[in-house]
Amino acid sequence: MQNNEALLGKTQTELIALVKDLGMPGYVGKQICEWLYKKHVRSFDEMLNISKANKQKLSSAFDIGFTDFVNVQESVDGTKKYLFKKADLQFVEAAYIPEKERATLCVSSQVGCKMGCLFCATGKQGFQAQLTAGEIINQIRSLPERDKLTNVVYMGMGEPLDNLEEVLKSLEILTSDWGFAWSPRRITVSTIGIIPAMQTFLNKSEAHLAVSLHTPFDEERAQIMPIQNVYSIKDVVNELRSWDFGRQRRISFEYIVFGGMNDSPKHVKELTRLLHGMRCRINLIRFHQIPGSPLPGTKEERLQAFREELNAKGLITTIRASRGEDIYAACGLLSTKEKTKG
Ligand code: SF4
């Protein structure tokens, strides 16, 4: 548990200002950046080029901000779920998903979530807390497989754009030369479509964007995603149409398939109308049934047929592989289980 304010999660500008406040030269801030984000130290003692006196000053006012995971579960398919503790009874999870050519980490941005999507276990927990940029970065840097990572997706617990400032700060740390120096093309941020926050995100970051669509029909979407009553999917798509993304930035639409509910010919027709002419792709996701949910799962054959129907209409559509089902890799389930134990 941290007592002092954490250094992890601070930008280079913040670190320079902070050391100056402590009476040190600004370059010490740059040195700390290097130790935190390139050398991944866990203690002040490891910061070899910082004087003993300065280390003492720093450690009396700040913590590094590194916290280890408290639990890990491994699936038969190699997916791992890491559990991090934020505070008493407050947990978040990060899912590590190794594939042939890539290794992706799915990070959380909030403890719980206020958005109340009907299909989501995290939503059922309600909102508990925002994660700081440091707590988001910590999920990456404390990962034993950190050096194998090729991609990070903000698709764990929480709605990232409901914690915009901290998410943007974590993206700055991941993509700046003084930070992890990753290309923004290795990062995807998901959203259910909070338009004003989406505009800020698109302006300030170059990471890919994934929008949760799930059905093109207003009423049906409002039944499973309350956000539809505030920002309709049509408005979200219209907003995205007004941006020129160039060829590098990818916009995708996530579509959980609930068998017999949102995979009919009329859904294909309406999706074609909604996304006509847009340079985007649709990712179909098989629904992992969650305890107590009235929503139906879908069969593999149906999922494939639906993909083909959409592809035939010119919509580039892929099926996201289901991973880690045996360890409850569905959004929010691991931490729910941990909480109910407590
Ligand atoms: Fe929140 Fe995402 Fe779950 Fe909706 S799907 S309740 S936005 S975590």
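If you read the sequence from its start, that first residue is 1, and numbering goes on from there. Ligands are counted one by one from 1 in listed order, and the atoms in each one are counted from 1 as well.
At a threshold of 4.0 Å, the pair E300-R286 counts as salt-bridged, since one of the basic side-chain nitrogens sits closer than that to a carboxylate oxygen. Salt bridge D263/K299: absent, no basic N to carboxylate O contact under 4.0 Å.
Close contacts of ligand 1 with C113, meaning ligand atoms under 4.0 Å from a residue heavy atom, involve 1 (Fe), 6 (S), 7 (S), 8 (S). Listed by atom number, the atoms of ligand 1 under 4.0 Å from G158 heavy atoms are 8 (S). Under a 4.0 Å criterion applied to the non-hydrogen atoms of G123, ligand 1 contributes the atoms 6 (S). Near G116, meaning under 4.0 Å from any of its heavy atoms, are these atoms of ligand 1: 6 (S).
Checking Q125, K114, M225, M115 against atom 7 (S) of ligand 1, the nearest heavy atom belongs to M115.
The aromatic rings of Y37 and W178 are tilted relative to each other, their planes meeting at an angle between 30° and 60°.
Of the N and O atoms on the side chains of S142 and Y82, not one donor lies less than 3.5 Å from an acceptor on the other residue.
With a cut-off of 2.8 Å, atom 4 (Fe) of ligand 1 has an N, O or S atom of C117 in range.
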Please tabulate, one pair per line, all N/O donor-acceptor pairs under 3.5 Å involving side-chain atoms of residues 27-35, not counting sequence neighbours.
unit_1	atom_1	unit_2	atom_2	d
W35	NE1	N49	OD1	2.7

